[in-house]
Amino acid sequence: MNNKVISAEEAVKKVKDGDTVMVGGFLAGGYPEDLVRALVDTNSAGNLTIISNDTGTTELSIYKLVKSGRVKRIFASYIGSNPETGRLLMTKEADVQLFPQGTLAEKIRAGGAGLGGVLTPVGVGTIVEEGKKKIEIDEREYLLELPLKADVALIRAHKADEAGNLVINGSSRNFNLVMATAAEYVVAQTDEYVKAGEIDPNHVNVPGIFVDAIVKVGGAK
């Protein structure tokens, strides 16, 4: 069995100039701070596209990443706690695209499942429909939302085993589950690391086949 445990610094070396990077979590909940901090510290890859439910708060490293000037495009559903993302939106120094939270999650899920997109009535009749294809089904209009995929996904787990199987607790499952299926290279920051077989298969939220690397933090063993 290949050893998937590496350092955060090694993990973020996979991020190249121009890459699309997914970041899991909702603000600090289920958010991989150690991985994002390592990405900030590398100060290497630029022209990045960030896909994240939000772009954090000023206390989190994703704020520093956005402020570093290395991000050219952002897909998010909430940016109210990151004034820098709001500034980039207003000045158009970066392409900031906002989606309803459920729509963003479904676009990522569609990317992971290999779908051509998802249909949603959310946004019909508003500025959200600008530039999007509308499809009528049973006399109701829907917007076609195209799938999202990434080169790298940085996600957060409570527990991981040697095979990369992940346990993600409670609300931390938010975007971490769908992002694990929608990226070419998936890194999971985990609080606890155990031997293969120690996680009850019924408790696995993300099968190890989706996970390329594990980064242990905190009380890891």
(message) Keeping Asn165 on the side-chain end and Gly208 on the backbone end, is there a donor-acceptor pair under 3.5 Å?
(response) yes

(request) For Leu35 and Gln189, work out which heavy atoms get closest and say how close. (result) N-OE1, 3.4 Å

(message) Check for me whether Lys107 meets the cation-pi criterion with Phe99, that is, NZ or CZ under 6.0 Å from the six-membered ring centre and within 45 degrees of the ring axis.
(response) yes

(message) Taking Ile209 as the starting point, is it possible to reach Val178 by hopping between hydrophobic residues whose side chains are less than 4.5 Å apart?
(response) yes

(message) With heavy-atom distances below 4.5 Å as the criterion, would you say the side chains of Leu88 and Val66 are in contact?
(response) yes

(message) Apply side-chain hydrogen bond (donor to acceptor under 3.5 Å, both in side chains) to residues Asn3 and Glu162 and explain how you reach the verdict.
(response) CA-CA 7 Å; Asn3 183 5; Glu162 293 170 320; over 6 Å; no

(request) Evaluate the side chain to side chain contact (heavy atoms under 4.5 Å, CB included) criterion for residues Thr57 and Tyr63: first the C-alpha distance (whole Å), next the side-chain angles of each, then the deciding distance (0.1 Å), finally the verdict. (result) CA-CA 6 Å; Thr57 67; Tyr63 166 79; over 6 Å; no

(message) Looking at Arg156 and Gly30, would you say the former's side chain and the latter's main chain have a donor-acceptor pair under 3.5 Å?
(response) no

(request) Check for a donor-acceptor pair, side chain of Asp19 on one end and backbone N or O of Lys16 on the other, with a separation under 3.5 Å. (result) yes

(request) Look at the side chain of Arg70 and the backbone N and O of Leu48, then say whether any donor-acceptor pair between them is shorter than 3.5 Å. (result) no

(request) Please round to the nearest 0.5 Å and tell me the distance separating atom OH of Tyr193 and atom NZ of Lys4. (result) 9.5 Å

(message) Salt bridge check, Lys216 against Glu192: does any charged N sit closer than 4.0 Å to a carboxylate O?
(response) no

(message) Please determine whether residues Val118 and Leu98 belong to a single hydrophobic cluster, defined as Ile, Leu, Val, Met, Phe, Trp and Tyr linked transitively by side-chain heavy-atom distances below 4.5 Å.
(response) no

(request) Indicate, with yes or no, if Val194 and Val204 share a hydrophobic cluster defined by side-chain heavy-atom contacts under 4.5 Å among Ile, Leu, Val, Met, Phe, Trp and Tyr. (result) yes

(request) Would you indicate whether the side-chain heavy atoms of Lys159 and Ile199 approach each other to under 4.5 Å? (result) yes

(request) For residues Val36 and Tyr31, determine if any side-chain heavy atom of one lies less than 4.5 Å from a side-chain heavy atom of the other. (result) yes

(request) Indicate, with yes or no, if Val71 and Leu27 share a hydrophobic cluster defined by side-chain heavy-atom contacts under 4.5 Å among Ile, Leu, Val, Met, Phe, Trp and Tyr. (result) no

(request) Side-chain contact test, heavy atoms from C-beta onward, threshold under 4.5 Å: evaluate it for Leu143 versus Lys134 and give yes or no. (result) yes

(message) Check for me, please, whether Leu65 and Val96 land in the same ILVMFWY cluster - side-chain distances under 4.5 Å, paths through other members count.
(response) yes

(request) Would you indicate whether the side-chain heavy atoms of Val122 and Pro100 approach each other to under 4.5 Å? (result) yes

(message) For a 4.5 angstrom cut-off between non-hydrogen side-chain atoms, does Val206 reach Val211?
(response) yes

(message) Determine whether a donor-acceptor pair (N or O, by modelled atom type, separation under 3.5 Å) exists between the side chain of Tyr78 and the backbone of Phe26.
(response) no

(request) Mind checking the CD1-OG spacing from Ile51 to Ser77? Nearest 0.5 Å is all I need. (result) 12.5 Å

(message) So does Thr85 get a backbone contact from the side chain of Thr55, meaning a donor-acceptor N/O pair under 3.5 Å?
(response) no

(message) Pairing donors with acceptors under 3.5 angstrom, does anything connect the side chains of Ser61 and Glu33?
(response) yes

(message) Whether the side chain of Asn47 engages the backbone of Asp17 through a donor-acceptor N/O pair (distance < 3.5 Å, no angle test) should be reported.
(response) no

(request) Would you name the heavy atoms of Val167 and Asn169 that are closest together and state the gap between them? (result) CG1-OD1, 3.7 Å

(request) Give a yes or no answer on whether the side chain of Asn176 reaches the backbone of Ile155 with a donor-acceptor pair at less than 3.5 Å. (result) no

(request) Please report the closest heavy-atom contact between Leu166 and Ala188, naming both atoms and the distance. (result) CD1-CB, 3.7 Å

(request) Answer yes or no: does atom CD of Glu184 have more than 12 heavy-atom neighbours from other residues, nucleotides or ligands under 6.0 Å? (result) no

(request) Could you tell me whether Glu129 and Lys132 have a side-chain N and a carboxylate O separated by less than 4.0 Å? (result) no

(request) Might you point out which heavy atoms bring Val23 and Ser52 nearest each other, and give the distance in Å? (result) O-OG, 3.3 Å

(message) When you compare the side chain of Asp95 with that of Ile74, does any pair of heavy atoms fall below 4.5 Å?
(response) no

(message) Donor-acceptor pair, distance only, cut-off 3.5 Å: does the side chain of Lys72 make one with the backbone of Gly46?
(response) no

(message) Ile137 vs Ile135, test: side chain to side chain contact (heavy atoms under 4.5 Å, CB included). Steps then yes/no.
(response) CA-CA 7 Å; Ile137 300 175; Ile135 297 174; 4.1 Å; yes

(message) As a quick check of understanding, evaluate side chain to side chain contact (heavy atoms under 4.5 Å, CB included) for Val215 and Val5, giving each step before the final call.
(response) CA-CA 6 Å; Val215 173; Val5 176; over 6 Å; no

(message) Quick one, Ile214 and Ile6 - any side-chain contact, counting heavy atoms below 4.5 Å?
(response) no

(request) Please report the closest heavy-atom contact between Ala180 and Phe210, naming both atoms and the distance. (result) O-CB, 3.5 Å

(request) Could you tell me the separation between the OG1 atom of Thr181 and the CE atom of Met179, rounded to the nearest 0.5 Å? (result) 10.0 Å

(request) Could you tell me whether a side-chain N or O of Asp212 sits under 3.5 Å from a main-chain N or O of Val186, the two making a donor and an acceptor? (result) yes

(message) For Glu106, is there an ion pair with Arg109 - N to carboxylate O distance below 4.0 angstrom?
(response) yes

(message) Between Val21 and Val15, does the side chain to side chain contact (heavy atoms under 4.5 Å, CB included) criterion hold? Intermediate values first, please.
(response) CA-CA 8 Å; Val21 181; Val15 179; 3.9 Å; yes

(request) Hey, could you give me the CZ/CG distance between Arg140 and Leu119, rounded to the nearest 0.5 Å? (result) 11.5 Å

(request) Check Ala182 against Gly111 and note the closest heavy-atom contact, atom names and distance. (result) CB-C, 4.3 Å

(request) Would you give the length of the straight line joining atom CG of Leu104 to atom CD of Gln97, rounded to the nearest 0.5 angstrom? (result) 10.5 Å

(request) Drop me the distance from Lys133's NZ to Leu146's CG, to the nearest 0.5 angstrom. (result) 10.0 Å

